Amino acid sequence: MTTEPTPTPAPPTKNMHFIREIIAADNRSGKYGGQVVTRFPPEPNGYLHIGHAKAICLDFGMALENNGRCHLRMDDTNPVKEDVEYTDAIKEDVRWLGFDWGPHYYHASDYFEQMYELACGLIRDGKAYVCELTSEEWKDYRGIPTEPGRESPFRQRSPEENLDLFQRMRAGEFPDGSKVLRAKIDMTSPNLHMRDPVIYRILHVPHPHAGDQWCIYPMYDYAHPIEDAIEKITHSMCTLEFEVHRPLYDWVIQNCNLFPSQQIEFARLELTYTVMSKRKLLELVRQKHVNGWDDPRLPTLCGLRRRGVPPAAIREFCERIGVTKYDSLTDVALLEHCIRDDLNKTVPRAMAVLDPVRLVFDNPDELPATIQAANNPEDPAAGAREIPFEPELFIEREDFAEVPPPKYFRLAPGKSVRLRNAGFVTCTGFEKDAAGNITLIRGRFTPMNQPVKVKATIHWVPAQAARPVEVRLYDRLFTVPEPDADKNVDFMTHLNPDSLQTVQALAEPSLLAAQPGDRFQFERIGYFYAEPDSRPNAPVFNRTVTLKDSWKG
RNA sequence: UGCCCGAUGGUGUAACGGUAGCACAGCAGACUCUGGAUCUGUUAGUCUAGGUUCAAAUCCUAGUCGGGCAACCA
C-alpha cells in the first residue's frame, strides 16, 4: 500500500490587507528586529462601539499574529472631558471581545513627567516657546489653508526665558488660556498642523487619574508619539483623519530623539442603519430614545453584548470587512450573517410561540404524551429533551391561513403540516369571533410513523405546560441605511418607531430554566438571549437576530 | 482658491504589469422534520481622458468625484 504524503493543509489565508503588508515588510527588513508592539488607546470619555471593535481587532490581532503584544492605554490627556467612570467599562468591553493586554495596561497621564522633561528639552534646543497670544489672536496669526501664517511675536524668546515661563506655567502662576507652549516648526507650512502647534495648555483642573499634581496638560499631537515611543510601539494604528497629523507625529519622534514608532492610518467602520458618532449616541441615550448605553439597539459593545451577539461573531465580522484607506459603508447584513453563522453552530434550539392561536385535536386518544426534541440538529452532542404533548397546543397565528395565498405551505382548511418533532396535523376546521379573528383551529393528529406529505413544519407549544415569557423583539434603530447622510435633516427623524416590540410569548417549559446570558434559537423565529436582568423562573428574552426567511408572503 | 488621502459588481474586499476572484445581499434550483442550515447555479464591477508597455485595475500625467485638515479636543 502506498501512502501519499499528506499535504499540509494550507493555513486559513487571512486577507492580506495593507497593514499586514507593512508589518510583513518591516519584519523582513528587520526594521524593529522582528518585534511587533501595538496599542489600543481609547480616550476614557465614552463607551466603546463596534467601530472601536474594528480597531481593537486590528491592534490586538496584528500583535497576536506576529507573536508581539498589544497594550491597552487610556489616552487621558484632557481632564476636562474624561472620567474614570469609563475606564472600567472600556476594560470590560475589550476583555469581552476576547483580548488580553496582560500586564500592559497604561495611562498616558503616567508619562506626564517625561513629557514635561522632553518639552523642556525642546525649549533648550530652541524648538519650543511660550506664546501669550489669545486663541482669537492666534487664529489670525495661524492663517488659513490657502495662505501662510505669520510668526508669533513671542516666537523669538530665549530658551532661558521660555524655560522660566514654562516652569511657572507648571507651578500654576498663570490662569487658564493665558499662555501655551508651542512647537517652533514652520508658519508657512501648507499643513496647518505644522504651523507652530500648541503642545501644552494651562488647565487648572484635577486629573481623574493623575490627581491634582498638574495644571498644564499636553496636547494629543505632542503626547501621542511620546506615549507610543515610551512603550516602544512599532505600529501605531489610527483612523484616517489623523493622516495630516503624521508629519507632526514624526517631528516629535525626531526632535525628542525617541524610539521610531510609526503611525499608520486606516478607514473607520461605518455601518448601515445606525450611527456611530459619540455625540449622536449620547443624544439617543440622553433623549431616552433608547434605554441607556447598553440598549440592545445601539452599536455599542455593551449594547451588542446585551443583545446577545457573541464576541466571536464580531471578531469574524472585523476580519471580513478588511482594512483599507478609503471610506466605506458596510452593510449591517454582513454583521447579521456573522452572528447567525456563529449562533447556528453553537446554540440550543427551543420552541416558543410569539403570537399564539389555539389548536385542538379531534382525536385526543391517539396522541403521544411526550415527544423527544433534538437540542441542536447541527450538533448531536447537544442531546435531546422531552416536551409534553397535549390535546391542545398553541401555534403561531401566521402559520394558519383561512385562505392560503399562492405558495403558502403551512396550515389551512383541509391542509396538513408537520408539527416540529411531533407528527402531523390536518386542519379540519376553525372558529372565528365577531371581528373575524381566528379563535381556534381544529385538526386531526397523525403520528410521525405514518408520514403525511407536507411541505412545511411549524413550531408549537403545549397549551397547559407552556409558560408565558417576556420577549423583546429588537429591530434596526433607523429606517434608512444612512440616517445621518443629510446634514440638513436631523438623523432623529429616521428613528424606527418599531425598533422595540415587547410581547408575551408562550414558551416550552424547559425555557423557564434559562439563566441570564443563555442563548437559544427559537425554532423558525430567530436567536434569543436571556436578559441579564431576567428573574428566576421569569426569563426575559432579547431577540439577537431573526432567522433568514425565504418565504415572501 | 491651499495641502493630504482615496476611487474595482448593490455592499465589503482580492488581484503587487500577464485569465478581474472571494464574501454579503439578490435571483434560480437541489436537499431538508426549522420556508432555518447546507449545496449548486446565476445577475452584476476596474471613475474619465491621454501616455508608457507585447500586455495596465495595477506604472505616469491631467481631469472628475468623494473624504480629511483652519479646538488651547482626541
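This structure is a prediction, so every number in the text was calculated from the model and none was measured. We name chains A, B, ... by the order of the sequence lines, and we start the count at 1 in each one. All values below were derived from every heavy atom in this structure, side-chain atoms included, with hydrogens, water molecules and symmetry-related copies excluded.
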Worksheet item: Does a salt bridge link A:Glu508 with A:Arg385, judged by any charged N lying under 4.0 Å from a carboxylate O?
Response: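 Salt bridge present between A:Glu508 and A:Arg385.
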
Could you state the atom-to-atom distance from [atom1] of [X] to [atom2] of [N] in whole Å?
{"X": "A:His17", "N": "B:rG6", "atom1": "NE2", "atom2": "P", "result": "17 Å"}
{"X": "A:Glu336", "N": "B:rU11", "atom1": "CD", "atom2": "C1'", "result": "13 Å"}
{"X": "A:Glu21", "N": "B:rA14", "atom1": "CD", "atom2": "C1'", "result": "11 Å"}
{"X": "A:Leu343", "N": "B:rU38", "atom1": "CG", "atom2": "P", "result": "13 Å"}
{"X": "A:Tyr273", "N": "B:rG12", "atom1": "OH", "atom2": "P", "result": "14 Å"}
{"X": "A:Glu270", "N": "B:rU13", "atom1": "CD", "atom2": "P", "result": "12 Å"}
{"X": "A:Glu482", "N": "B:rG66", "atom1": "CD", "atom2": "P", "result": "14 Å"}
{"X": "A:Met16", "N": "B:rG12", "atom1": "CE", "atom2": "C1'", "result": "19 Å"}

Just name whichever nucleotide pairs with [N], Watson-Crick or G-U, keeping both distances under 3.5 Å, else none.
{"N": "B:rG12", "answer": "B:rC22"}
{"N": "B:rC31", "answer": "none"}
{"N": "B:rG36", "answer": "none"}
{"N": "B:rC3", "answer": "B:rG68"}
{"N": "B:rA49", "answer": "B:rU61"}

I want to check one thing: is the phosphate of [N], taken as OP1 and OP2, less than 4.0 Å away from some side-chain N or O of [X]?
{"X": "A:Thr330", "N": "B:rC24", "answer": "no"}
{"X": "A:Thr457", "N": "B:rU32", "answer": "no"}
{"X": "A:Arg349", "N": "B:rU34", "answer": "no"}
{"X": "A:Asn15", "N": "B:rU13", "answer": "no"}

Spacing of the [atom1] atoms in [M] and [N] (rounded, Å):
{"N": "B:rG36", "M": "B:rA30", "atom1": "P", "value": "13 Å"}
{"N": "B:rU42", "M": "B:rU1", "atom1": "P", "value": "47 Å"}
{"N": "B:rC47", "M": "B:rU38", "atom1": "P", "value": "33 Å"}
{"N": "B:rC22", "M": "B:rG41", "atom1": "P", "value": "10 Å"}
{"N": "B:rC3", "M": "B:rG10", "atom1": "P", "value": "33 Å"}
{"N": "B:rU19", "M": "B:rA55", "atom1": "C1'", "value": "13 Å"}
{"N": "B:rU52", "M": "B:rC59", "atom1": "C1'", "value": "8 Å"}
{"N": "B:rG9", "M": "B:rG51", "atom1": "P", "value": "25 Å"}

For the side chain of [X], starting at C-beta, report the closest nucleotide among [options].
{"X": "A:Ala333", "options": "B:rA37, B:rU34, B:rA25", "value": "B:rA25"}
{"X": "A:Asp341", "options": "B:rU34, B:rU38, B:rG35", "value": "B:rU38"}
{"X": "A:His337", "options": "B:rU34, B:rA25, B:rU13", "value": "B:rA25"}
{"X": "A:Glu523", "options": "B:rA14, B:rU11, B:rU34", "value": "B:rU34"}
{"X": "A:Ile321", "options": "B:rC24, B:rG12, B:rA37", "value": "B:rG12"}

Fill in: Ring-on-base stacking B:rG35 with A:Phe409 (under 5.5 Å, under 30°)
yes

Item to complete: Report yes if a donor N or O on one partner sits less than 3.5 Å from an acceptor N or O on the other, where the partners are the side chain of A:Glu265 and the base of B:rG6; otherwise report no.
Response: no

Practice prompt. Drop me the distance from A:Met169's CE to A:Leu181's CG, to the nearest 0.5 angstrom.
Written response: 6.0 Å

Practice prompt. With RNA chain B as reference, determine whether A:Tyr326 or A:Leu329 sits nearer its 5' end, using the nearest nucleotide of each.
Written response: A:Tyr326

Discussion item. Pick the closest RNA chain B nucleotide for A:Leu334 and for A:Ser550 by heavy atoms, then say which residue is nearer the 5' end.
Written reply: A:Leu334

Item to complete: Starting at the 5' end of nucleotides 68-74 of chain B, put B wherever the base has a protein heavy atom under 4.0 Å, S where only the sugar-phosphate does, and a dash everywhere else.
Response: BSBSBBB

Worksheet item: Is NZ or CZ of A:Arg150 both nearer than 6.0 Å to the six-membered ring centre of A:Tyr141 and within 45° of the ring axis?
Response: yes

Flag the pair [X] / [Y] as yes when their ring centroid distance falls below 6.0 Å, and as no otherwise.
{"X": "A:Tyr474", "Y": "A:Tyr529", "answer": "no"}
{"X": "A:Phe112", "Y": "A:His207", "answer": "yes"}
{"X": "A:His245", "Y": "A:Tyr249", "answer": "no"}
{"X": "A:Phe541", "Y": "A:Phe522", "answer": "yes"}
{"X": "A:Tyr222", "Y": "A:Tyr200", "answer": "yes"}

At under 4.0 Å between heavy atoms, what does [X] touch on the DNA or RNA strands: base, sugar-phosphate, or nothing?
{"X": "A:Arg246", "value": "nothing"}
{"X": "A:Gln521", "value": "base"}
{"X": "A:Phe424", "value": "nothing"}

Worksheet item: Which word best sums up how the rings of A:Tyr116 and A:Trp214 line up, parallel for under 30°, tilted for 30 to 60°, or perpendicular for over 60°?
Response: tilted

Worksheet item: Per the side-chain hydrogen bond (donor to acceptor under 3.5 Å, both in side chains) rule, which among A:Asn376, A:Asn375, A:Asn421 passes with A:Arg349?
Response: A:Asn376

Discussion item. Which is it for B:rA30, anti or syn, if anything within 90° of zero counts as syn?
Written reply: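 It is anti.
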
